[in-house]
Participant: 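Just dropping this structure here.
From a predicted model like this one, the values you see are computed outputs, not experimental measurements. Only heavy atoms go into these numbers, but all of them, side chains included; no hydrogens, no water, no symmetry mates.
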Amino acid sequence: KATVSVLYCLQVKMKVALCQLAVTANKATNVANALAQVRQAASGGAELVVLPECFNAPYGPKYFPEYAERIPEGETYAAMSTVAKECRVYLVAGSIAEESEGKLYNTSTTFNPEGEMIAKYRKIHLFRINTPELTFDEGETLTAGDAFSTFELPHGVKTGLGICFDVRYPQMAAHYTDQGTSLMVFPGAFNMVTGPQHWSLMARARAIDSQQFVIFCSPARDEDADYVAYGHSLVADPWGNILAEAGHAQEIVYADIDTTVVEKTRASLPILKGTRHDVYKTVVA
């Protein structure tokens, strides 16, 4: 009881910024734009800054080979490490196409305020869709990752990483919850078929069933692009409330997250304690 009382009294708050970036066919322009927006977010008081999926290049199987970089040798990695140190922020640097040993991955890197990479995550669930409006398969050129990734923010706030389509798999959120996360971050690029129907719903669903904060960060919408992103970057709290949401154009949205809300929610509605591990497995190893 004493421990719960202390948790309720401590205020573990952090300002987060989601940089919803316009993306062009010019990598140098995209990286420069990302740097400018990270600096603006930091000047706005953000301690954690999040960038979108594929923020340095157009999104699509045909573009991944052309724009891929090695990590940590690539110019995008170097730029993100430098700006995180310059601005003294934690930076989830969206994702980029990574080349490694002859394979391509959709990879997210996270940097601490010293510019050090503290997490690297390769997208586990590759995006596939086959509808009359849109056909798309990341697997045409990408290889799926096979490992989860977490990092710690100040006050020991454990954070889990995913990318876009990963959010559709509650087993992944359950795994991170079992690992003790209070926040999950998903750089993502839903489209105009799935976005209006599922984007907000998926964020709220994962926030509610794992009882933690969820961040989605999308590229800005470009109606002339081969793949039109939905936008609407957002932050959801453990009750499924949307704390902040962007429109469809380039912008930065801010939210103050208080991670003590996670403990309060789990104490008020103890669904996780009722998980029947004796009857079913929540995570497939």
Side-chain angles (χ1 to χ4, degrees), residues 15-60 63-64 66-67 69 75-77 79-84 86-87 89-97 106-111 127 134 136 163-165 167 185-196 198-200 202-203 214-236 242-257:
K15 177 172 279 192
V16 301
L18 284 55
C19 298
Q20 184 165 284
L21 304 178
V23 178
T24 72
N26 187 300
K27 182 189 286 188
T29 298
N30 296 333
V31 172
N33 184 39
L35 294 175
Q37 297 303 303
V38 172
R39 293 183 178 113
Q40 183 175 335
S43 68
E47 301 165 78
L48 170 64
V49 181
V50 183
L51 303 183
E53 180 179 24
C54 291
F55 71 91
N56 73 342
Y59 179 55
Y63 297 112
F64 298 140
E66 177 184 353
Y67 288 84
E69 301 180 14
E75 66 259 39
T76 303
Y77 177 98
M80 297 302 106
S81 171
T82 298
V83 78
E86 172 195 326
C87 295
V89 295
Y90 286 86
L91 175 62
V92 177
S95 77
I96 65 170
N106 189 340
T107 302
S108 179
T109 52
T110 299
F111 301 90
F127 173 52
L134 178 64
F136 192 101
I163 299 174
C164 200
F165 207 55
V167 78
V185 179
F186 295 88
F190 275 36
N191 51 72
M192 295 306 295
V193 176
T194 61
H198 298 160
W199 176 258
S200 177
M202 286 288 97
V214 169
I215 290 175
F216 279 7
C217 190
S218 170
R221 189 181 306 170
D222 178 0
E223 299 286 356
D224 296 323
D226 292 346
Y227 180 96
V228 181
Y230 178 57
H232 289 272
S233 301
L234 60 81
V235 180
I242 302 300
L243 302 184
E245 182 173 356
H248 62 81
Q250 174 163 300
E251 65 175 296
I252 301 173
V253 291
Y254 299 88
D256 293 312
I257 62 173

Participant: Shortest non-hydrogen contact from Cys217 to Val50?
Facilitator: SG-O, 3.4 Å
Participant: Nearest 0.5 Å, what's the OG1-CG distance between Thr110 and Leu48?
Facilitator: 8.5 Å
Participant: Flag the pair Leu18 / Val235 as yes when at least one side-chain heavy-atom distance between them is below 4.5 Å, and no otherwise.
Facilitator: yes
Participant: Could you check Tyr230, Trp199, Tyr59 and say which one makes a ring pair (Phe, Tyr, Trp, His ring centres under 6.0 Å) with Phe190?
Facilitator: Trp199
Participant: Would you list the pairs meeting ring-ring contact (aromatic ring centres under 6.0 Å, His included) in which at least one residue belongs to residues 30-52, sequence neighbours left out?
Facilitator: none
Participant: Write down the atom of Pro58, the atom of Val23, and the distance for their closest heavy-atom approach.
Facilitator: N-CG1, 4.0 Å
Participant: Look at the rings of Phe136 and Phe127 and say which category their plane angle falls in: under 30° parallel, 30 to 60° tilted, over 60° perpendicular.
Facilitator: tilted
Participant: To the nearest 0.5 Å, what is the distance between OG (Ser43) and CD1 (Ile252)?
Facilitator: 7.5 Å
Participant: Would you compute the distance between atom CD of Gln20 and atom CD of Gln37 and round it to the nearest 0.5 angstrom?
Facilitator: 10.5 Å
Participant: I want to check something: taking the side chain as every heavy atom from C-beta on, are Val253 and Glu245 in contact at a cut-off of under 4.5 Å?
Facilitator: no
Participant: If you take all heavy atoms of His232 and Ala246, which pair is closest and at what distance?
Facilitator: ND1-O, 3.2 Å
Participant: To the closest 0.5 Å, what do you measure between NZ (Lys27) and CD1 (Ile96)?
Facilitator: 7.0 Å
Participant: If every non-hydrogen atom of Leu51 is compared with every non-hydrogen atom of Pro187, which pair is closest and at what distance?
Facilitator: O-CB, 3.6 Å
Participant: Please name the pair of heavy atoms, one in Ser95 and one in Asn106, separated by the smallest distance, quoted to 0.1 Å.
Facilitator: OG-OD1, 2.7 Å
Participant: Do the side chains of Phe186 and Met202 get nearer than 4.5 Å, heavy atoms only?
Facilitator: no
Participant: When you measure from the side chain of Gln250 to the backbone N and O of Ala22, does any donor-acceptor pair fall under 3.5 Å?
Facilitator: yes
Participant: Roughly how far, to the nearest 0.5 Å, is NE2 of His248 from CD of Glu223?
Facilitator: 7.5 Å
Participant: Just so I know, are the side chains of Cys54 and Tyr67 near enough to count as touching, which here means a heavy-atom distance under 4.5 Å?
Facilitator: no
Participant: Would you say Ile242 and Ser200 make side-chain contact, with heavy atoms under 4.5 Å?
Facilitator: yes
Participant: Could you check, using the six-membered ring where one of them is a Trp, whether Phe111 and Tyr77 have ring centers closer than 6.0 angstrom?
Facilitator: yes
Participant: If you compare all heavy atoms of Ala203 against all heavy atoms of Leu234, which two are closest, and at what distance to 0.1 Å?
Facilitator: CB-CD1, 3.4 Å
Participant: How far does CG of Asn191 sit from CZ of Arg221, to the nearest 0.5 angstrom?
Facilitator: 10.5 Å
Participant: Find out whether Met80 and Phe55 are in side-chain contact, i.e. whether some heavy atom of one side chain is under 4.5 Å from a heavy atom of the other.
Facilitator: yes
Participant: Among Asn56, Thr29, Asp222, Asn30, which residue satisfies the side chain to side chain donor-acceptor pair (under 3.5 Å) criterion with Thr24?
Facilitator: Asn30
Participant: Determine whether a donor-acceptor pair (N or O, by modelled atom type, separation under 3.5 Å) exists between the side chain of Ser218 and the backbone of Gly231.
Facilitator: yes
Participant: Determine, for Tyr254 and Lys15, whether the Lys NZ or Arg CZ falls below 6.0 Å from the six-membered ring centre while staying within 45 degrees of the axis.
Facilitator: yes
